Amino acid sequence: MKPARTRIAPSPTGDPHVGTAYVALFNFALARKTGGAFVLRIEDTDRVRSNEASERMIFESLRWLGLEWDEGPDVGGPYGPYRQSERTAIYREHVERLIEAGAAYPCFCTKERLDALREEQRRSKSSVMGYDGHCRSIPPEEAARRRAAGEPHVIRLAMPEEGEIVVRDLLRGEIAFDAATIDDQILLKSDGYPTYHLANVVDDHLMEITHVIRAEEWISSLPKHVRLYEAFGWEPPVFCHLPLLRNADRSKISKRKNPVSLTFYRRAGFLPEALLNYLALMGWAMPDERDEFTLEEFVEAFDPERISLGGPVFDLEKLIWLNGRYLRNLEPGDWVERLRSEILPDSYLREVAALVRERVDTLGDFMAYAAFFFTTGVEYDEAARARLVVKGRTPPQSAKLLRTLLEEVLDPLLEWNAETVEAALRGFCEARELRPKELFMPVRVAVTGRAATPPLFETMAVLGRELCRHRLRRAIEVLRTMK
RNA sequence: GACCCCGUCGUCUAGCCAGGUCUAGGACACCGGCCUUUCACGCCGGCAACACGGGUUCAAAUCCCGUCGGGGUCGCCA
């Protein structure tokens, strides 16, 4: 097989996702197997949600897993820059080429009109969804004049109005779409940044990516991508859509139903090699069917054609079993080393000590008092369960309240520290007309399993977002089944 | 709703493309046993699936068609 150039192209919004690691693993394997290159490209074209902290966490997580990249924003390479926000001139130039060729056009429709259109389509249960091509009929000269006059606009891809668009997926073969059912995708947003579709195609071509291995959710936009390659006159890469990781109910994996943050797995003491091994088992099996193997062995045996297509349910229990196997196979010294570096690093001990110091009288009491800082989950005994309930509410109502707090207030937090957590909790109390103390005890117990702890916000900050969310989810479950 | 993808034990999968070797194999979970001062590990055994209906064929989990079921997409998010 010829050397393949593959890439992982995460968007730095929020915590690095287990799905990113999954897709990265397969891209990594093909690149290594063929002696090609594995590229990391940061797709930070969403100006509102992208942030630097998230980008750093992506680097850290992928490195932790051992999925080292050959080219990327931090290591450079011959096809840079590898951060899309630094490539906007390239996209604009390419978009002009499309406009000149008549393959794209400016659209002046307002957000309001598009919202109304969408609403109407939804309401009337219309079979055609998406943009109606309203601005497509504007004569090019007029459009150019309005653009020059500074009228806000986006650039859309002009899809063929009829005919079939046939695309090819390495695992599924040919897939045919009716061109008439595909709307004119926005390529350039009104802020001048490209959408995924444009940036992705342009970069994959310019970076000479040979195999686009990504998640199945992209299949429906494949015709748009293929049309773009055609409009540019470029040879498309090989497309290979991996099955989507699933929740137990078979919906696309989500943080609401599963821990999806790589940070969580690291924090909970999973070994990177075990997580990788488990991920490889999702949709793939060794020719000899053994289910324990190293990354090197995976790469050696890798063959994309062996990937199975059923959406695999992410089963934490099997991951835990596998992790246990890996842990037991560690040399005693190595075992202690991992414990020290992942669960008991000095930096963490210092943070915990700062909170616990004045609350214990002997060092011997430390662990008993601070145990919850070092475990993944916590137990709720009968007394704790009682305090999980918000005053004046039933357990199910309390569950609902905590769920809202988690999903609408805590999850959207861009930064997680004592100040932001405090502001979020207090804001929630105000909005819900709750007295702080009525909410804080249930949250405290949910997050620590105890009624007596160091100050809540500092405690939550030190525990970290992932452990807090994990325990809150568990507490919500417990509340639901009470009485 | 429209379009697209998928469909082997509860879960991850092997087998399917090149139909017989499949009374469908392995792993997790579960159950039972052995080991053991306890727990865990480990070992042994057990339970458990080709979604359904038609067709092709001497023969179908494997090929074809339909049905049903599940999922994804339909954002100036990626």
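The basis for the numbers below is simple: all heavy atoms, side chains too, and nothing from hydrogens, waters or symmetry mates. All figures in this text were calculated on a predicted structure; none of them were measured in a lab. Lettering follows sequence order; numbering is per chain, from 1.
Atom name P, nucleotides A18(B) and G25(B): the rounded distance is 25 Å, in whole Å. One C1' atom belongs to G66(B), the other to C9(B), and the distance between them is 27 Å to the nearest Å. With P as the reference atom, A61(B) and C74(B) are 39 Å apart, rounded to whole Å. The gap from the P atom of G19(B) to that of C58(B) amounts to 15 Å, rounded to the nearest Å. Using C1' as the reference atom, G70(B) and C52(B) are 15 Å apart when rounded to the nearest Å. The C1' atoms of C43(B) and C35(B) are separated by 8 Å, rounded to the nearest whole Å. A gap of 13 Å separates the C1' atoms of G54(B) and A60(B), to the nearest Å. Comparing G32(B) with G72(B), their P atoms are spaced 38 Å from each other, to the whole Å.
Figure legend: Arg450(A) and Tyr369(A) shown as a cation-pi pair, the cationic atom lying under 6.0 angstrom from the six-membered ring centre and within 45 degrees of its axis. In this structure, Arg136(A) forms no cation-pi arrangement with Tyr131(A), as its terminal cationic atom is not both closer than 6.0 Å to the ring centre and no more than 45° off the ring axis. Geometric assessment of Arg146(A) against the ring of Phe108(A) yields a positive cation-pi assignment under the 6.0 Å and 45° thresholds.
Spacing between atom CG of Asn247(A) and atom P of U11(B) amounts to 14 Å, rounded to whole angstrom units. Here C5(B) presents its C1' atom at 15 Å from CG of Leu170(A), a figure rounded to the nearest Å. Between the CD1 atom of Ile307(A) and the P atom of C6(B) there is a distance of 14 Å, given to the nearest Å. Straight-line distance from the CZ atom of Arg306(A) to the C1' atom of C16(B): 12 Å, rounded to whole Å. The NZ atom of Lys257(A) sits 16 Å away from the P atom of U11(B) (whole-angstrom rounding). Here G26(B) presents its P atom at 17 Å from CD of Glu292(A), a figure rounded to the nearest Å. Whole-Å rounding puts the Ile320(A) CD1 to U11(B) P distance at 18 Å. Glu305(A) places its CD atom 14 Å from the C1' atom of A18(B), with the value rounded to the nearest Å.
A salt bridge links Arg290(A) to Asp288(A): at least one charged side-chain nitrogen sits closer than 4.0 Å to a carboxylate oxygen.
At a threshold of 4.0 angstrom between heavy atoms, the contacts of Gly283(A) are confined to the sugar-phosphate backbone, with no base atom among them. Within the 4.0 angstrom heavy-atom criterion, only backbone atoms of the sugar-phosphate kind lie near Glu317(A); the bases stay farther away. Backbone-only engagement by Ala176(A) is indicated by non-hydrogen atom pairs under 4.0 Å involving sugar-phosphate atoms exclusively.
Pairing of G7(B), defined by two Watson-Crick or G-U wobble distances under 3.5 Å, is identified with C68(B). Under the Watson-Crick or G-U wobble criterion, with both distances below 3.5 Å, C17(B) is left unpaired in every strand shown. Pairing partner, A61(B): none, since no Watson-Crick or wobble contact has both distances short of 3.5 Å. Across all strands shown, C34(B) is found opposite G42(B) as a Watson-Crick or G-U wobble partner, with both distances under 3.5 Å.
Within the 3.5 Å criterion, the main-chain N or O of Leu117(A) finds no donor-acceptor partner in the side chain of Glu120(A).
Each of Ile8(A), Asp74(A), Val39(A) was scored for a side chain to side chain contact (heavy atoms under 4.5 Å, CB included) with Trp69(A), with one residue passing: Asp74(A). Checking each of Glu216(A), Arg214(A), Arg172(A), Glu217(A) against His241(A) for a side chain to side chain donor-acceptor pair (under 3.5 Å) leaves exactly one that passes, namely Arg214(A). Among Asn27(A), Asp204(A), Asp203(A), the one residue that satisfies the side chain to side chain donor-acceptor pair (under 3.5 Å) test with Arg7(A) is Asp204(A).
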#### Entry: Per-nucleotide protein contact string for nucleotides 71-78 of chain B (B base, S sugar-phosphate only, - none; heavy atom under 4.0 Å)
SSSBSBBB
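No hydrogens or angles were tested; on distance alone, nothing pairs the side chain of Lys318(A) with the base of A29(B) as donor and acceptor under 3.5 Å.
Relative ring orientation between Tyr22(A) and Phe26(A) is described as perpendicular, the plane-to-plane angle rising above 60° on a 0-90° scale split at 30° and 60°.
Taking for each of Ile219(A) and Trp321(A) the nucleotide of RNA chain B with the nearest heavy atom, the 5'-most of the two is the partner of Ile219(A). Both Ala285(A) and Asp178(A) lie close to RNA chain B; mapped to their nearest nucleotides by heavy-atom distance, the more 5′-ward contact belongs to Asp178(A).
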